Amino acid sequence: SMSTHHFAKPEYALKRAEEYIGLGYKTKALEALYSVVTSRRHKTWTKVTEKVMMKFLELCVELRRSRLAKDGLHQYRNITQTQYPQSPEAVPKVSLAKARATPSISHPRAAPMALR
């Protein structure tokens with residue numbers, strides 16, 4: 001289960017996630033981003049929201065958290081549908097491409113390279 005983080009702005013969550021990734025704490029990074037993706041406070045679409053979502057999905061693929069990715073995409077669609085209809089199209093295309101690339105990888109250390 002995801003622990004609860006609260007960030008005043010999505011930018012802070014993204015910054016924190018990048019710090020966690022730098023330290024090798026990818027699950028913590030995922031939790032930080034998930035808190036924004038599922039937050040009732042961040043219901044306005046911004047370019048940062050999209051960046052958060054892209055990073056979130058990248059981590060979901062890397063950590064094999066497909067259910068979480070689906071949950072995140074569902075939430076993201078809800079945010080963007082009314083405000084910015086083009087954005088949800090871009091995100092699943094990227095995430096699907098990444099997700100398709102992942103199952104063929106047998107060695108875990110190969111995964112990050114396939115995601116780039």
Side-chain angles (χ1 to χ4, degrees):
S1 67
M2 295 272 118
S3 61
T4 311
H5 293 260
H6 293 291
F7 295 96
K9 291 182 173 185
E11 294 91 307
Y12 301 158
L14 196 57
K15 191 172 185 295
R16 178 65 53 85
E18 294 288 3
E19 285 167 6
Y20 280 143
I21 291 164
L23 295 167
Y25 300 128
K26 287 181 177 172
T27 304
K28 281 187 182 292
L30 188 63
E31 287 173 8
L33 298 174
Y34 185 75
S35 73
V36 174
V37 170
T38 58
S39 171
R40 290 199 169 87
R41 259 185 278 176
H42 306 301
K43 284 294 180 197
T44 311
W45 186 92
T46 65
K47 264 297 189 198
V48 177
T49 319
E50 190 171 66
K51 280 182 187 167
V52 165
M53 197 65 209
M54 296 297 245
K55 185 57 73 178
F56 171 77
L57 289 169
E58 198 175 300
L59 287 167
C60 282
V61 170
E62 216 171 311
L63 300 171
R64 310 279 201 276
R65 305 291 287 272
S66 59
R67 189 178 291 165
L68 212 59
K70 281 176 192 160
D71 184 27
L73 277 170
H74 177 73
Q75 301 278 353
Y76 186 71
R77 255 188 214 107
N78 290 347
I79 296 169
T80 53
Q81 240 165 6
T82 49
Q83 299 166 40
Y84 199 86
Q86 304 95 298
S87 180
E89 283 306 302
V91 172
K93 277 176 194 158
V94 171
S95 60
L96 277 173
K98 285 177 179 175
R100 286 198 191 106
T102 307
S104 60
I105 297 155
S106 54
H107 202 283
R109 288 201 177 154
M113 290 183 72
L115 290 168
R116 283 196 189 107

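What you see is a predicted model, and the numbers here were worked out from it, not measured in a lab. Scope of the values below: all heavy atoms of this structure, side chains included, with no hydrogens, waters or symmetry mates.
Under the rule for a salt bridge (Lys or Arg N to Asp or Glu O under 4.0 Å), Lys51 has no partner lying at least two apart in sequence or in another chain. Residues that satisfy the side chain to side chain donor-acceptor pair (under 3.5 Å) test with Lys70, not counting sequence neighbours, are absent from this structure. Residues satisfying the salt bridge (Lys or Arg N to Asp or Glu O under 4.0 Å) test with Glu19, not counting sequence neighbours, are Lys15, Arg16.
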How far apart are the C-alpha atoms of Gln75 and Asp71, what are their side-chain angles, what is the distance that settles it, and do they pass the side-chain contact (heavy atoms from CB on, under 4.5 Å) test?
-> CA-CA 6 Å; Gln75 301 278 353; Asp71 184 27; 3.8 Å; yes
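Interatomic distance, CD of Glu11 versus OG1 of Thr46, reported as 6.5 Å (0.5 Å rounding). To the nearest 0.5 Å, atoms CD (Glu58) and CG (Leu30) are separated by 11.5 Å. Going from atom SG of Cys60 over to atom OH of Tyr34 covers 9.0 Å, rounded to the nearest 0.5 Å. To the nearest 0.5 Å, atoms OG1 (Thr27) and CG (Leu63) are separated by 5.0 Å. Leu14 CG to Phe7 CZ: the interatomic distance, rounded to the nearest 0.5 Å, is 10.0 Å. Here the NZ atom belonging to Lys28 is positioned 10.5 Å from the CG atom belonging to Leu23, to the nearest 0.5 angstrom.
Nearest heavy-atom pair across Ala29 and Ala17 is CB-O, 3.5 Å. The heavy-atom pair separating Ala69 from Phe56 by the smallest distance is CA-CE2, 4.2 Å.
The closest donor-acceptor contact from the side chain of Ser39 to the backbone of Val36 lies at 3.5 Å or more, if one exists at all.
Follow the hydrophobic side-chain contacts under 4.5 Å out from Val52 and you reach Leu73 in the same cluster. Under the 4.5 Å side-chain heavy-atom criterion for Ile, Leu, Val, Met, Phe, Trp and Tyr, Leu68 and Met53 are members of the same hydrophobic cluster.
Residues Val48 and Lys9 are not in side-chain contact: their nearest non-hydrogen atoms beyond the backbone lie 4.5 Å or more apart.
Between Glu50 and Lys47 there is a salt bridge, with a side-chain nitrogen of the basic residue lying less than 4.0 Å from a carboxylate oxygen of the acidic one.
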